[in-house]
Student: 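Dropping a structure here in structure tokens format, bear with me for questions.
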Protein chains: 2
Amino acid sequence: MEPLRRKALVDAALRAIGENGSLAVPMAEIARHAGVSPALAHHYFGSKEQLLIETIRSLLRQLRADAVAALTAAQTPRARVSAIIRVNFQAHQFAPETVAAWLAFYSEAQRSDAVRRLLFTYARRLRSNLVASLKHLAGTDDAARIAEGVAALIDGLYLRQGLKSAPISIAASQALVEDYVSAELAQRQARHTSQETQA
Amino acid sequence: MEPLRRKALVDAALRAIGENGSLAVPMAEIARHAGVSPALAHHYFGSKEQLLIETIRSLLRQLRADAVAALTAAQTPRARVSAIIRVNFQAHQFAPETVAAWLAFYSEAQRSDAVRRLLFTYARRLRSNLVASLKHLAGTDDAARIAEGVAALIDGLYLRQGLKSAPISIAASQALVEDYVSAELAQRQARHTSQETQA
DNA sequence: TTTTGTTGATTGATTGATCAATTAAAAATA
DNA sequence: TATTTTTAATTGATCAATCAATCAACAAAA
């Protein structure tokens, strides 16, 4: 029973948080979503905070699995970059409830060290993956800079999607990031070429 | 007394929210920051929600004033774009307490229509200002796309700053956005030139 | 019988909001 | 000016609601 209940409660927490747009959703509501009593949620997770942390872990685990799969399929460095971008814009990542949950977690990171560590670890891995691929396409400095830009763009587009007043679609958001990478690489290419011309 | 108290309470709310990283800060703590009793805060604002809304209004008002000043000083379209970017990266906008408050407000926008409307209005004005200037430098479609990119970049860099695990400085963040604009405009220029060559 | 799963009832703490009471300031009146 | 009256400012005390957490009790399975 235990693994079943744990999964059901984690899924229920994500759903409840998404619906509510806040981590301040009562344990009772989460438990109701999972079809159990509030007492049982405490029995298995000990505290609300622990359940929330497990919920974030579950989100990140899924994201990582998707990323690994996408990266394995990609053959060239440029394709790897696109794969990373694509994973972050996957449909279920952009589902309103998921976006709402992410936003709530980011906000919570300001108070909880544990949550901050989790999000930080994810951010580092994302950057690391991006830099590794970009290094084949640009110098170390440019790779780091572009990686930071891509990560910020993804976060920003995510945030704006969360406001629902989104002026652009998911596909357009993804295209915007792709375009950023292309423009930056092209600009670097041009700089490089002009330097050779000058020399 | 009334205007004095209102201002003191709004400032106190911003500070308390920033310190706490959440809108869930008790009215009593906000009142304490302002040196008055909790009852007085209710007396002047009626409810906690109203005080929070006035607090956001105050933030947006300041930002708008800064933007107007910066835009007035800028002479060329490109300088206007830089001015808008610069204002958003002003030191006091990046103060930890301000970033924390912004994040909390974004999260709150998912629940409160009033808050969402306020943030949406600000986002629309930012976009409008950007597009107006960019139209002098690129076509309508490109202008809209680049404006969205700039806005998303600003939001994303802001978000990442909020996690404190910021790998890059404020100046570097600002430079990154500037570079995005330059790269996009250069890419457009290149596309345009090659088309002429082909023709 | 022992272990595991499960819940209803309850508790203790937090907190937004209210209100009667108090003080201080201002206005009106003598 | 002095006195009374009215208005504004302010607070301590308290209420009512919410909620995480606990626990004793019960059911089911091993």
Side-chain angles (χ1 to χ4, degrees), chain A residues 1-57 100-101 104-105 107-115, chain B residues 1-57 100-101 104-105 107-115:
Chain A
M1 269 296 104
E2 174 152 0
L4 266 177
R5 292 296 187 216
R6 291 186 85 97
K7 177 163 176 13
L9 280 164
V10 162
D11 289 351
L14 185 62
R15 203 145 19 101
I17 292 167
E19 282 176 12
N20 225 292
S22 158
L23 301 190
V25 56
M27 278 292 259
E29 192 177 327
I30 296 176
R32 193 165 46 71
H33 270 79
V36 299
S37 73
L40 196 65
H42 274 94
H43 174 65
Y44 281 125
F45 288 93
S47 72
K48 185 182 174 182
E49 179 167 9
Q50 202 51 45
L51 169 54
L52 294 182
I53 286 178
E54 292 299 328
T55 304
I56 304 179
R57 277 210 154 84
F105 290 137
S107 178
E108 178 68 15
Q110 308 217 323
R111 266 152 289 142
S112 160
D113 275 349
V115 172
Chain B
M1 267 299 104
E2 175 153 358
L4 267 176
R5 293 295 186 219
R6 290 185 86 97
K7 178 163 176 12
L9 281 164
V10 162
D11 290 350
L14 186 62
R15 203 146 20 100
I17 291 167
E19 283 176 10
N20 224 293
S22 159
L23 301 190
V25 55
M27 278 293 257
E29 192 176 328
I30 296 176
R32 194 165 46 70
H33 271 80
V36 299
S37 73
L40 195 66
H42 273 94
H43 175 66
Y44 281 125
F45 288 91
S47 72
K48 184 182 175 182
E49 178 167 10
Q50 202 51 44
L51 169 55
L52 295 183
I53 286 177
E54 292 300 327
T55 303
I56 304 179
R57 277 209 154 86
F105 290 138
S107 177
E108 178 68 14
Q110 308 220 321
R111 266 153 287 144
S112 160
D113 275 350
V115 171

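What's counted below: heavy atoms across the whole structure, side chains too, no hydrogens, waters or symmetry copies. Throughout, a chain's letter reflects where its sequence line sits, starting with A, and its residues are numbered from 1.
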Student: If you find the nucleotide of DNA chain D closest to A/Ser47 and the one closest to B/Met1, which residue's nucleotide is nearer the 5' end?
Tutor: B/Met1
Student: Quick one: are B/Leu9 and B/His33 in side-chain contact, heavy atoms under 4.5 Å?
Tutor: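 Result no, sub-4.5 Å side-chain heavy-atom pair not found.
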Student: Expressed as a whole number of angstroms, how long is the span from B/Leu51:CG to C/dA17:P?
Tutor: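 In whole Å, C/dA17 P lies 10 Å from B/Leu51 CG.
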Student: Grab the CD1-P distance between A/Ile30 and D/dC19 for me, whole Å please.
Tutor: 11 Å
Student: Can a donor-acceptor pair be found, under 3.5 Å and without considering hydrogens, that links the side chain of B/Lys48 to the backbone of B/Leu23?
Tutor: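 A pair under 3.5 Å: yes.
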Student: Is any side-chain nitrogen or oxygen of A/Arg5 closer than 4.0 Å to OP1 or OP2 of C/dT4?
Tutor: no
Student: Across the strands shown, which category fits A/Tyr44 at heavy-atom distances under 4.0 angstrom: base, sugar-phosphate, nothing?
Tutor: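 Sugar-phosphate: the residue A/Tyr44, judged by heavy atoms under 4.0 Å, touches backbone atoms but no base.
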Student: Is A/Arg5 reaching over with its side chain to a backbone N or O of A/Tyr44, donor-acceptor style, under 3.5 angstrom?
Tutor: no
Student: Does the pair B/Arg111/B/Glu108 count as a salt bridge with the N-to-O cut at 4.0 Å?
Tutor: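 Result for this pair is yes, salt bridge flagged.
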Student: Using a 4.5 Å cut-off on heavy atoms from C-beta on, say whether the side chain of A/Leu14 contacts that of A/Val10.
Tutor: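 No, side chains not in contact.
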Student: Round to a whole Å and report the spacing from NE2 of A/His43 to P of C/dA9.
Tutor: 20 Å
Student: Over how many whole Å does the gap from A/Phe45 atom CZ to D/dC19 atom P extend?
Tutor: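 These atoms are roughly 20 Å apart.
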Student: Take the protein atom CG of B/Leu9 and the nucleotide atom C1' of C/dG16, then report the distance between them rounded to whole Å.
Tutor: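 Going from B/Leu9 (CG) to C/dG16 (C1'), I get 15 Å.
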Student: Taking atom C1' of D/dT10 as reference, at what distance in whole Å does atom CE of B/Met27 sit?
Tutor: 15 Å
Student: Grab the CG-P distance between A/Leu4 and C/dT4 for me, whole Å please.
Tutor: 17 Å
Student: Kindly indicate, with the supporting measurements, whether the criterion salt bridge (Lys or Arg N to Asp or Glu O under 4.0 Å) is fulfilled by A/Asp11 and A/Arg15.
Tutor: CA-CA 6 Å; A/Asp11 289 351; A/Arg15 203 145 19 101; over 6 Å; no
Student: List the atom of B/Val25, the atom of B/Ala16, and the distance in Å for their closest heavy-atom pair.
Tutor: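 For B/Val25 versus B/Ala16, the nearest heavy atoms are CG2-CB, 4.0 Å.
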Student: List in numerical order all residues of residues 32-42 of chain A for which some heavy atom is under 4.0 Å away from an atom belonging to DNA chain C.
Tutor: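 Under 4.0 Å from DNA chain C: A/Val36, A/Ser37, A/Ala39, A/Leu40.
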Student: Could you give the CD-to-P distance, from B/Glu2 to D/dT7, as a whole number of Å?
Tutor: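 The distance from CD of B/Glu2 to P of D/dT7 comes to 17 Å, rounded to the nearest Å.
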